[in-house]
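Numbering of ligands and ligand atoms starts at 1, following listing order.
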Amino acid sequence: MAAQIWGSEKRARRRREISAKIAQMPELHDSKPLPFMTREEKIMESARKLTILTEKMGQIIDPTDPAELYHLNNEVLGLEGNPMALHGVMFIPALSAQASDEQQAKWLPRALRREIIGTYAQTELGHGTNLQNLETTATYDLATQEFVLHTPQITALKWWPGNLGKSSNYAVVVAHMIIKAKNYGPHPFMVQLRDEKTHEPLPGITIGDIGPKMAYNIVDNGFLGFNKYRIPRTNLLMRHTKVEADGTYIKPPHAKINYSAMVHVRAYMLTGQAIMLASALNIATRYSSVRRQGQIDKSQPEVKVLEYQTQQHRLFPSIARAYAFQFAGAETVKLYEHVLKEMKSGNVSLMADLHALTSGLKSVVTYQTGEGIEQARMACGGHGYSMASYISEIYGVAIGGCTYEGENMVMLLQLARYLVKSAALVKSGQSSKLGPLVAYLGVKSEPTSLIDRIPNSGFTEYVKTFQHVSKRQTLKAADMFFGLMEKGEKREIAWNKCSVELNRASRLHTRLFIVEAFVRRVNEIADIRIKEALTDLLHLHVNYELLDIASYALEDGFLSASQLDYIRDQVYLYLGKIRPNAVSLLDSWEFSDIELRSVLGRRDGNVYENLFKWAKSSPLNKTDVLSSVTQYLKPMMEKARL
Ligand SMILES: CCCCCCCCCCCCCCCCCCCCCCCCC/C=C/C(=O)SCCNC(=O)CCNC(=O)[C@H](O)C(C)(C)COP(=O)(O)OP(=O)(O)OC[C@H]1O[C@@H](n2cnc3c(N)ncnc32)[C@H](O)[C@@H]1OP(=O)(O)O
Ligand SMILES: Cc1cc2nc3c(=O)[nH]c(=O)nc-3n(C[C@H](O)[C@H](O)[C@H](O)COP(=O)(O)OP(=O)(O)OC[C@H]3O[C@@H](n4cnc5c(N)ncnc54)[C@H](O)[C@@H]3O)c2cc1C
């Protein structure tokens with residue numbers, strides 16, 4: 001099963017080997033539990049480990065393999081981030097995709113050797129979503145052949161970029177490029193921020209940390225202002241766009257090609273989210289098989305809380321989602337790598353499809369991951385609320401994904417643009433022009449669902465039902481939009497008036513893609529035992545998800561009330577079937593205790609001993625009487641007694 005999750009036998013084996021090596025290297029372990037550290041201590045601890053990794057990484061992993069890098073990152077540095085998080089996730093990808101060969105030769109080896117640390121600075125205090133209204137300017141000075149970076153007012157301060165505040169000395173900065181008074185829109189520039197020897201900010205740069213956040217606090221998300229700060233013309237990333245010495249602008253082959261670093265993270269973050277969801281569920285499911293509370297049969301001893309159907313209903317559909325996201329994520333990464341390769345050689349024809357797909361997936365996956373992690377926390381009762389579970393930290397980090405790389409509603413609306421265009425093709429009889437991801441929009445469906453009507457139909461009737469609801473909602477939302485425009489409404493106003501319905505269509509389309517990716521994977525599996533276990537999980541997934549969106553299929557009579565009863569019964573049936581495999585389905589992800597960082601979810605299952613040890617190690621327990629008591633509470637009580 002680990003091979004299915006991680007993509008191959010070899011990958012699963014390499015993960016195990018990497019975990020085993022790290023277990024033997026105490027210098028790479030947390031020196032104390034992260035929740036007992038201050039933010040400064042955590043940053044210090046993480047930087048300490050990063051320097052060791054820079055020396056020893058080659059002995060532990062193949063540093064050119066992103067999957068191995070990511071696993072090393074999760075084991076050693078953890079999900080709270082690190083002082084170089086954005087260096088690997090966005091700075092290097094931005095340079096790789098957007099810098100010319102000559103620029104790459106100059107900067108990439110230095111970045112890869114970690115001579116310099118970089119980040120991706122795009123978002124500003126006043127604007128994150130609407131890139132067209134970013135306010136940082138890069139004005140070309142023909143006389144000196146330099147760009148002058150400037151922050152015209154407080155809202156133009158770069159705000160949020162990870163590791164910008166204190167750790168990075170370089171950044172890919174996105175600014176509006178102005179040449180001879182003409183604004184060419186947002187473009188990426190390579191900018192040195194700090195002196196390479198002293199790490200002091202360079203003159204003309206104002207920079208710092210934006211303060212603590214809900215989670216992800218080892219990352220120093222920062223602010224940055226420029227005061228007429230000059231950089232050479234050749235620091236504009238020029239793989240696709242060029243500015244010649246005389247100010248001539250050569251436009252890129254696709255208007256949004258400079259957005260590729262965002263698409264990179266949107267594609268890769270899906271499996272990251274699946275890992276966080278599976279981690280939280282691993283903790284909650286292990287704990288649920290240790291925790292005994294109450295009896296189902298009063299004549300019997302107390303049961304493990306995992307025996308309660310409500311507990312299973314709370315956890316198991318999310319287990320299925322974690323697998324589904326992992327499989328859909330793996331497909332997306334493959335597509336991304338393909339499109340990136342094509343893009344580098346000038347073929348931009350697949351960019352729109354990739355953008356639409358990743359926009360929808362990032363939104364649905366992050367939202368449902370957040371839901372699943374929060375259910376996992378509640379499934380652990382009081383102990384879930386303790387930092388000993390570590391679930392709250394996982395939650396805080398995961399839900400950041402609902403916002404970064406494009407706020408979820410906004411990204412769903414990006415997918416909706418694609419769906420509406422596809423709907424227009426269907427309506428104008430041009431269904432043959434539909435891309436493979438939306439081809440179903442042009443297929444006539446049966447009048448009613450055949451779920452439970454055709455024996456042994458596998459998942460086909462389920463997929464058809466998802467396709468039906470997605471198609472219907474897409475066409476309905478598109479009709480609403482076209483209808484408003486026909487009535488004379490301006491395009492943007494009409495769009496806004498339909499946006500809730502449009503986003504519903506985007507969610508349904510994305511959920512269909514996730515179901516299909518799960519089905520595709522299960523169909524590929526040869527090992528009969530693995531196939532059986534995953535087929536059970538897929539049964540739970542399709543039935544649970546369909547129940548969740550049933551209103552769409554009920555409103556036009558595609559599903560009947562009796563079919564809904566059948567679907568509900570199937571959910572209960574598969575909850576029971578999955579119960580014996582539940583812990584194994586999560587243990588198969590092979591998270592080590594080091595990586596999970598959870599007292600509640602350790603492999604040994606000694607929950608109560610471990611919790612007591614953890615509590616005793618709380619810094620508050622170093623002394624029996626705290627100075628808060630001697631200074632304030634004790635005198636207060638004494639005064640009251642007089
Ligand atoms: C030492 C060893 C240790 C190792 C440590 C390192 C470990 C790392 C290892 C790395 C390994 C790799 C694995 C990576 C794993 C990742 C896991 C994830 C971890 C998470 C980390 C967290 C990091 C968080 C970082 C966050 C960063 C950010 O948030 S950056 C800022 C992001 N900002 C946004 O996303 C802004 C959103 N807004 C937009 O995108 C746009 O403004 C908009 C799309 C909404 C609108 O744009 P615009 O105004 O320009 O558009 P128009 O209206 O003019 O046009 C719309 C048309 O354009 C089309 N379009 C838009 N975008 C694209 C696109 N990208 N591609 C193609 N087309 C696009 C759109 O479809 C419209 O087309 P039509 O007009 O409809 O045809
Ligand atoms: C943990 C974290 C890490 C980050 N790291 C980085 C980084 O490394 N580099 C970087 O540059 N940035 C980074 N960001 C910033 C992030 O990319 C932005 O916060 C994000 O893109 C959302 O933009 P915003 O904050 O402007 O939200 P807003 O756009 O102001 O969103 C506020 C509300 O307005 C709604 N809204 C906005 N526009 C529309 C619209 N057109 N239609 C409908 N509704 C709309 C949204 O849906 C939302 O409900 C990070 C953010 C976080 C939380």
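With distances taken over non-hydrogen atoms, the option nearest atom 49 (O) of ligand 2 out of Q414, M411, H127, E407 is E407. Residue nearest to atom 4 (C) of ligand 1, selected from L79, V348, L69: L69 (by heavy-atom distance). Comparing heavy-atom distances from atom 20 (C) of ligand 1 across Y268, Y120, Y404 singles out Y404 as nearest. The residue from R417, R266, K256 that puts a heavy atom closest to atom 40 (O) of ligand 1 is R266.
Residue contact check: G128 has heavy atoms under 4.0 Å from atoms 36 (C) of ligand 1. Atoms of ligand 2 lying under 4.0 Å from any heavy atom of M409, numbered from 1 in the order shown and given with element: 47 (O). Counting atoms of ligand 1 from 1 in the listed order, those under 4.0 Å from a heavy atom of M351 are 66 (N), 67 (C). Remark: ligand 1 atoms within the under-4.0 Å shell around heavy atoms of V263 are 65 (N). For ligand 2 and G406, the ligand atoms under 4.0 Å from any heavy atom of the residue are 21 (O). Within the listing of ligand 1, atoms 1 (C) sit less than 4.0 angstrom from a heavy atom of L50. Interface of N73 with ligand 1, defined as ligand atoms under 4.0 Å from a residue heavy atom, comprises 5 (C), 7 (C). The contact set between ligand 1 and H254, taken as ligand atoms under 4.0 Å from a residue heavy atom, comprises 67 (C), 68 (N). Heavy-atom proximity to M262, at under 4.0 Å, picks out these atoms of ligand 1: 32 (C), 33 (N), 34 (C), 35 (O), 36 (C). The atoms of ligand 1 that sit less than 4.0 Å from any heavy atom of M57 are 2 (C).
Protein heavy atom at the shortest distance from atom 20 (C) of ligand 2 is T403 O, 3.3 Å. Counting protein heavy atoms only, atom 27 (C) of ligand 1 is closest to E405 OE2, 3.0 Å.
Contact annotation for N130 and ligand 2: no heavy atom of the residue comes within less than 4.0 Å of the ligand. Under 4.0 angstrom from ligand 1, the non-hydrogen atoms of L131 come from both its backbone and its side chain. At a heavy-atom distance under 4.0 Å, only side-chain atoms of Q414, from C-beta outward, approach ligand 1. At a heavy-atom cutoff of 4.0 Å, ligand 1 is contacted by no atom of L354, backbone or side chain. When heavy-atom distances to ligand 1 are checked against a 4.0 Å cut-off, T123 comes that close only through its side chain, counted from C-beta outward.
Electrostatic pairing of E17 and R13 counts as a salt bridge here, judged by a charged N lying under 4.0 Å from a carboxylate O. Salt bridge K42/E45: absent, no basic N to carboxylate O contact under 4.0 Å.
Distances between N or O atoms of Y120 and those of ligand 2 include at least one value under 3.5 Å. Inclusion of Y216 in the set of residues having an N or O under 3.5 Å from an N or O of ligand 1 is not warranted. Some N or O of Q122 is nearer than 3.5 Å to an N or O of ligand 2, by distance alone. Geometrically, ligand 2 and G162 share a nitrogen or oxygen pair separated by less than 3.5 Å. The shortest N or O to N or O distance between T123 and ligand 2 is under 3.5 Å. Between K421 and ligand 1, a contact under 3.5 Å exists for at least one N or O pair. At least one N/O-N/O distance between G406 and ligand 1 falls below 3.5 Å. Residue G128 has at least one N or O atom closer than 3.5 Å to an N or O atom of ligand 2. Below 3.5 Å of separation, one finds an N or O of T129 facing an N or O of ligand 1. The distance criterion of under 3.5 Å between nitrogen or oxygen atoms is not met by Y70 with respect to ligand 1. Considering backbone and side-chain atoms alike, H355 places an N or O below 3.5 Å from some N or O of ligand 1. For the pair Y259 and ligand 1, the shortest N or O to N or O distance falls below 3.5 Å.
In this structure, Y170 has its ring center at least 6.0 angstrom away from the ring center of H87.
Just one of V438, L475, L508, L502 meets the side-chain contact (heavy atoms from CB on, under 4.5 Å) condition when paired with L419; it is V438.
Residue contact annotation: R114 has a non-hydrogen atom under 4.0 Å from ligand 1. At least one heavy atom of E405 sits less than 4.0 Å from an atom of ligand 2.
The aromatic rings of Y323 and F327 sit perpendicular, their planes meeting at an angle over 60°, well past the 30° parallel limit.
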